[in-house]
Each structure stands twice: as structure tokens, then as C-alpha cells.
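Data first, discussion second: the structure below is written as C-alpha cells.
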Amino acid sequence: MLPSIVLFAGLVNLVSSAAVNNIRPLVIWHGLGDTYASPGMVRFESEVKEMHPGIFVHSIFIDEDPNTDQRAGFYGNVNQQIAQVAQQLAEIPELSRGFDAIGFSQGGQFLRGYVERNNSPPVHNLVTFGSQHMGISDLPVCNPMDLLCQVARRAANRGVYTEWAQEHLVQAQYFRDPQRLSLYISSGSFLPDINNEVSLPSSRNPSYADNLASLNKLVLVLFAQDKTVVPKESAWFGSEQPLEDITFEPSGSDQTPILSAPNTKDMIPMRLQPLYKEDWIGLRKLDECSAIEFVACKGEHMQLDGCWEDLVAKWVGGSLSAS
């Protein structure tokens with residue numbers, strides 16, 4: 001009887017291993033001031049693994065040294081960082097069949113940049129917490145003891161759209177000033193590109209829309225009492241009404257934007273954004289397929305308690321065979 005028992009046990013282990021290997025992996029990208037190896041990120045990974053036994057989790061890093069990785073959240077070239085991350089993910093065998101992704105704060109729009117520009121291996125579900133998809137119109141106030149943040153904030157305030165800032169200050173690269181929208185479009189090095197907010201419609205990259213629309217689900221999480229991200233509605237692709245309102249020519253035209261002064265300065269929700277109405281990045285296609293989820297969490301920016309569990313249970317850890 002012993003050989004039969006051993007054979008049965010081996011089959012059970014084989015089936016169990018196959019089930020574990022069929023779990024869709026998770027990739028996470030931390031936010032500003034954090035690091036891939038911080039206690040909070042390590043704890044989050046551990047709790048995800050408890051929720052989805054056998055799941056493979058990778059935490060994105062710009063540098064394996066935690067202090068340097070933290071600094072890269074303030075100082076660096078976002079376009080170069082996304083290219084580096086794309087290579088990093090492509091070299092991890094466990095991710096080769098695709099993965100779910102979670103972006104915390106600025107990590108969310110960086111992961112969206114990865115989806116639009118690379119997406120190989122592909123992202124299945126993308127969840128972003130308090131991310132600045134339509135940029136920020138003010139720089140967050142720093143903790144008095146956070147000297148790294150304070151130096152970066154002062155440098156950005158001195159000239160957010162200078163060439164140096166757009167090459168070296170991370171927050172400057174997704175700063176969308178409603179009072180200087182034309183300057184943002186002409187000088188911004190990162191956000192105008194992944195939002196396809198360009199002066200000439202012929203310069204838009206159609207592959208961005210194709211890649212984003214390939215997501216199974218885009219989950220946009222807004223923090224209801226968020227005072228760090230200005231405006232907080234950026235997490236839902238909302239933005240402030242610009243003081244110089246830009247009317248874009250229809251696709252196919254090579255004319256430059258027309259500037260006019262609006263009568264009000266209200267919030268523009270996602271479905272009224274030009275990038276949605278003309279589907280510059282695939283948002284409208286996703287929305288029409290019911291593939292966008294809008295979620296509001298109580299509390300200030302990145303207060304995740306009682307908020308993340310249901311989302312991670314629902315949109316993370318599915319079967320790879322169902323991708």
C-alpha cells in the first residue's frame with residue numbers, strides 16, 4: 001500500500017503546486033517619501049500573501065538601497081525610471097504571463113505610464129490609491145522634520161516648468177498648473193505625454209490608448225478627506241477648470257490649441273475631460289465596457305485602514321488562466 005500512498009501524496013502536491021502557480025502575481029509601486037523595503041510596504045506584502053496564499057508579490061524599486069530608492073521618489077527623471085522598471089519587470093520569470101498591479105499615490109500614475117508605454121508583461125487589473133492622474137496644482141506641505149521633501153518642494157516652487165526641474169524633480173513632472181496650462185503642455189516632460197495632452201493631435205501616441213484599454217479593470221481610489229493631493233479629484237481623472245481654457249482641435253488637425261478665458265473655475269470630472277471625450281488614452285473605451293471602478297475611501301491621503309482589504313480581495317490574486 002505504501003507506494004500507492006506516496007503516489008497519491010505526490011499527485012496532491014502536484015495539483016496544489018499547479019494551483020499556486022496559476023495565481024496571478026502582484027506588482028506594487030510605493031509612493032512619495034516611501035521605499036520598496038519600508039516596514040509599511042513589507043507589512044502590506046505580508047498581508048496580501050495571507051489573503052492570497054501562494055501569490056508572488058514584487059515591490060518595484062529604483063535602487064536596491066532603501067535610502068537611494070526613497071530619494072528617487074523626489075529626485076530623478078520619471079521617464080527614465082519607468083523605462084528602468086519596464087526592464088526590471090521583464091526580467092522576472094514569475095511575471096512573464098502577466099500580473100495585477102497596485103500603485104500607491106504617485107506610483108499609480110507611474111504604473112499607468114508603464115501600461116501605456118510598455119505593458120510587456122501585461123497588467124490585468126490596475127488599482128491606484130490616491131494617484132495624481134491629472135496632476136497636482138499645488139505641492140503638498142512637508143513634514144517639518146522631512147528635509148528631503150522640503151528641499152525638493154522649494155526647488156520645484158522656484159521653477160516647476162524649467163528644463164532642470166522637468167529633468168530632475170519628480171513632482172514637477174506631474175505638476176499641472178491650471179493658470180499655465182499651455183506652458184504645462186509645452187514644457188511638461190512626463191504627464192502631458194502619458195495623457196496625450198499635446199499641442200498637435202497628430203503627435204498623440206495611439207498605442208497609449210490601445211494599451212490602457214487592454215486592462216481588464218482600472219480601479220481608481222480617491223481619499224475623501226485628502227488634503228495632500230491638490231486637487232484630490234485627480235485620483236478620478238478630475239482637474240481644476242483652467243484659467244486659460246484650451247480648446248483642442250479635433251483629431252486629424254495640425255492646428256495649435258485655441259486659448260480662451262473661461263467664466264468659471266470648477267472641477268472638471270473625467271467624462272468631461274477632452275482626453276476622455278476624444279479617447280486620447282483609452283479611458284472612454286474602458287468606461288464604455290464598464291471596466292472602470294470609482295472608489296472613495298474615508299480619511300486623508302493614503303489612510304488605508306479599512307479600505308484596501310476588499311479591493312485587494314476582489315481585484316488581486318485571480319487565476320492566470322482567466323486572464
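What you see below is based on every heavy atom in this structure, not just the backbone, and it leaves out hydrogens, waters and symmetry mates.
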Please round to the nearest 0.5 Å and tell me the distance separating atom CD of Gln173 and atom NE2 of His168.
9.0 Å
Where the side chain of Asp226 meets the backbone of Met302, is there a donor-acceptor pair that is under 3.5 Å apart?
no
Under the rule for side-chain contact (heavy atoms from CB on, under 4.5 Å), what residues qualify as partners of Pro206, not counting sequence neighbours?
none
Going by side-chain contact (heavy atoms from CB on, under 4.5 Å), name the residues that satisfy it together with Lys314, two or more places apart in sequence or in a different chain.
none
Judged by modelled atom types alone, do Ser105 and Gln132 share a side-chain donor-acceptor pair under 3.5 Å?
yes
Where do Pro121 and Ala90 come nearest, in terms of heavy atoms and distance?
CD-CA, 3.9 Å
Could you list all the disulfide (SG to SG under 2.5 Å) pairs where at least one residue sits in residues 272-306, not counting sequence neighbours?
Cys297-Cys307
Please name the pair of heavy atoms, one in Ala165 and one in Val160, separated by the smallest distance, quoted to 0.1 Å.
CB-O, 3.6 Å
Any donor-acceptor N/O pair, Ser38 side chain to Asp34 backbone, under 3.5 Å:
no
Sequence neighbours excluded, which residues qualify as side-chain contact (heavy atoms from CB on, under 4.5 Å) partners of Asn79?
Asn77, Arg117, Ser189, Phe190
Given side chains that start at C-beta, do those of Leu215 and Asn125 come closer than 4.5 Å, heavy atoms only?
no
Between the CD1 atom in Ile102 and the CG atom in Leu126, the distance rounded to the nearest 0.5 Å is 9.5 Å
Are the aromatic ring centres of Tyr114 and Trp29 under 6.0 angstrom apart?
no
NZ/NE/NH1/NH2 to OD/OE distance under 4.0 Å, Asp100 and Arg24
yes
Under 3.5 Å, is there a donor-acceptor pair linking the side chains of Arg204 and Asn195?
no
Asp177 (side chain) donor-acceptor with Ser137 (main chain) under 3.5 angstrom:
no
Can any side-chain N or O of Ser131 pair as donor or acceptor with the backbone N or O of Thr128 at less than 3.5 Å?
no
Pairing residues for Arg71 by the salt bridge (charged side-chain N to carboxylate O under 4.0 Å, His left out) criterion, not counting sequence neighbours:
none
Using the salt bridge (charged side-chain N to carboxylate O under 4.0 Å, His left out) criterion, which residues pair with Lys217? Sequence neighbours excluded.
Glu293
Within the side chain of Gln225, is there an N or O that forms a donor-acceptor pair under 3.5 Å with the backbone of Gly299?
yes
Applying ring pair (Phe, Tyr, Trp, His ring centres under 6.0 Å), can you list everything that pairs with Tyr36, at least two apart in sequence or on another chain?
Phe61
Would you check if there is a donor-acceptor pair between the side chains of Tyr174 and Gln106 at a distance under 3.5 Å?
yes
Residue pair Val219, Phe294: steps toward the side-chain contact (heavy atoms from CB on, under 4.5 Å) verdict
CA-CA 6 Å; Val219 183; Phe294 297 92; over 6 Å; no
Side chain proximity check, Phe129 to Trp308, heavy atoms < 4.5 angstrom:
yes
Does Ser187 have any side-chain contact (heavy atoms from CB on, under 4.5 Å) partners at least two apart in sequence or in another chain, and if so, which?
Tyr161, Leu183
Could you check whether any side-chain N or O of Gln81 sits under 3.5 Å from a backbone N or O of Ala72, counting only pairs where one atom can act as donor and the other as acceptor?
yes
Hydrophobic cluster membership, Tyr208 vs Ile292, 4.5 Å side-chain cutoff
no
Would you indicate whether the side-chain heavy atoms of Asn119 and Pro122 approach each other to under 4.5 Å?
yes
Can you list the residues that meet the salt bridge (charged side-chain N to carboxylate O under 4.0 Å, His left out) rule with Glu94, with sequence neighbours excluded?
none
Please report the shortest heavy-atom distance between Ile136 and Gln171, naming the atom on each side.
CD1-O, 4.4 Å
Mind checking what makes ring pair (Phe, Tyr, Trp, His ring centres under 6.0 Å) contact with Trp315, not counting sequence neighbours?
none
Check: His30/Asp69 side-chain N/O donor and acceptor closer than 3.5 Å:
yes
Separation between CG (Leu26) and NE2 (His124), nearest 0.5 Å, reads 12.5 Å
Between Phe104 and Phe44, does a ring-ring contact (aromatic ring centres under 6.0 Å, His included) hold up when you go through it step by step?
CA-CA 11 Å; Phe104 295 120; Phe44 180 80; 5.1 Å; yes
Are Val78 and Phe110 side-chain neighbours, meaning at least one heavy-atom pair lies under 4.5 Å?
yes
Mark yes or no for whether Gln80, through its side chain, and Gly76, through its backbone, hold a donor-acceptor pair below 3.5 Å.
no
Separation between CD1 (Ile82) and CG (Leu89), nearest 0.5 Å, reads 11.0 Å
Is Glu197 salt-bridged to Arg176, cutoff N-O under 4.0 Å?
yes
Would you say the side chains of Asn211 and Ser207 form a donor-acceptor pair under 3.5 Å?
no
For residues Phe56 and Ile92, determine if any side-chain heavy atom of one lies less than 4.5 Å from a side-chain heavy atom of the other.
yes
Without hydrogens or angle criteria, can the side chains of Gln87 and Glu91 be said to hold a donor-acceptor pair below 3.5 Å?
yes
Side chains of Val123 and Phe99 in contact at under 4.5 Å (non-hydrogen atoms):
yes
Please tell me if the side chains of Val27 and Val57 come closer than 4.5 Å, counting only heavy atoms from C-beta onward.
no
Would you mind telling me which of Glu240, His133, Met134, Met267 makes a side-chain contact (heavy atoms from CB on, under 4.5 Å) with Glu233?
Met267
For residues Val85 and Leu111, determine if any side-chain heavy atom of one lies less than 4.5 Å from a side-chain heavy atom of the other.
no
Tell me whether Gln303 contacts the main-chain N or O of Glu300 through its side chain, where contact means a donor paired with an acceptor under 3.5 Å.
yes
Test item: Asp138 side-chain N/O and Val230 main-chain N/O as donor-acceptor pair under 3.5 Å:
no
Side-chain atoms of residues 269-276: list all donor-acceptor pairs with protein atoms under 3.5 Å, sequence neighbours left out, distances to 0.1 Å.
unit_1	atom_1	unit_2	atom_2	d
Arg271	NE	Asp287	OD2	2.8
Arg271	NH2	Asp287	OD1	3.1
Arg271	NH2	Asp287	OD2	3.3
Gln273	NE2	Phe237	O	3.3
Gln273	NE2	Ser239	OG	2.9
Gln273	NE2	Ile268	O	3.0
Tyr276	OH	Asp287	OD2	2.6

Separation of Ser120 OG from Leu95 CG (nearest 0.5 Å):
11.0 Å
Which pairs, with at least one residue in residues 42-63 and sequence neighbours excluded, count as a side-chain hydrogen bond (donor to acceptor under 3.5 Å, both in side chains)?
His58-Gln88
